[in-house]
Amino acid sequence: MERMIETIAVVTASAPPRAWVAPNNAGACSGCAQSGYCAGATVGRRGRGRQIAIDDPLGLSPGESVVIGIPGAGLLRAAILAYLLPLLALAATAWVGTRFALPLWATLGGALLALGAGLWLAERLGRAAPRPVVLRRLC
């Protein structure tokens, strides 16, 4: 069985067969003395108010706490798509421009276009990535 990355979330809205949840990002870091300097805590503060649409096989109600999860491999794939693919597109295009001694404006323009194309492609391929699922209700 594949390992799931889990977090606690609160159901904000429900319209079967879908529910919208807001992940609780502050849980693990709220008591840590380093939370003012921690990148994970900073990301958690920025992500507040974000809602995720998920399938609702349990008939959830707003206000309920649930555990949601995503396969670890799916999260790694999503991170590679979101960060590495656009960066590689930009770097490869910049390398080609300098390798063939293209003018600076052409190299920069091509690199920016490749970055945009990489972001677009990452978004398109990311649609097939595994989605978070409800694992269980919390009492």
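What you see below is based on every heavy atom in this structure, not just the backbone, and it leaves out hydrogens, waters and symmetry mates.
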Only pairs under 3.5 Å count here: list side-chain donor-acceptor contacts from residues 114-133, not counting sequence neighbours, and write none if there are none.
residue : atom : partner : partner atom : Å
Glu123  : OE1  : Arg127  : NH2          : 3.3
Glu123  : OE2  : Arg127  : NE           : 3.1
Glu123  : OE2  : Arg127  : NH2          : 3.2

(message) Between Leu138 and Glu64, is there a side-chain heavy-atom distance shorter than 4.5 Å?
(response) no
(message) I'd like to check Pro71 versus Met4 (side-chain heavy atoms, cut-off strictly below 4.5 Å). Are they in contact?
(response) yes
(message) The test is side chain to side chain contact (heavy atoms under 4.5 Å, CB included); show your working for Leu60 and Arg137 and say whether it passes.
(response) CA-CA 9 Å; Leu60 300 171; Arg137 275 188 175 110; 3.8 Å; yes
(message) On a heavy-atom basis, which atom in Val134 and which in Asp55 lie closest, and how many Å separate them?
(response) CG2-O, 3.8 Å
(request) Looking only at non-hydrogen atoms, find the nearest pair between Ala9 and Ile68 and report the distance. (result) CB-CD1, 4.1 Å
(request) Any chance you could measure Leu135, atom CG, to Thr7, atom OG1, to the nearest 0.5 Å? (result) 10.5 Å
(message) The criterion is side-chain hydrogen bond (donor to acceptor under 3.5 Å, both in side chains); which residues satisfy it with Thr12, sequence neighbours excluded?
(response) Gln51
(request) Flag the pair Ile52 / Pro23 as yes when at least one side-chain heavy-atom distance between them is below 4.5 Å, and no otherwise. (result) yes
(request) Report the C-alpha separation of Leu85 and Leu87 in whole Å, then their side-chain angles, then the decisive distance to 0.1 Å, and conclude whether the side chain to side chain contact (heavy atoms under 4.5 Å, CB included) test is met. (result) CA-CA 5 Å; Leu85 180 65; Leu87 182 62; over 6 Å; no
(request) Side-chain contact test, heavy atoms from C-beta onward, threshold under 4.5 Å: evaluate it for Asp56 versus Ser14 and give yes or no. (result) yes
(message) Using side-chain heavy atoms (C-beta onward) and a distance below 4.5 Å, is Val66 in contact with Val21?
(response) yes
(message) Using 0.5 Å steps for rounding, measure from the OG1 atom of Thr107 to the CG atom of Leu102.
(response) 5.0 Å
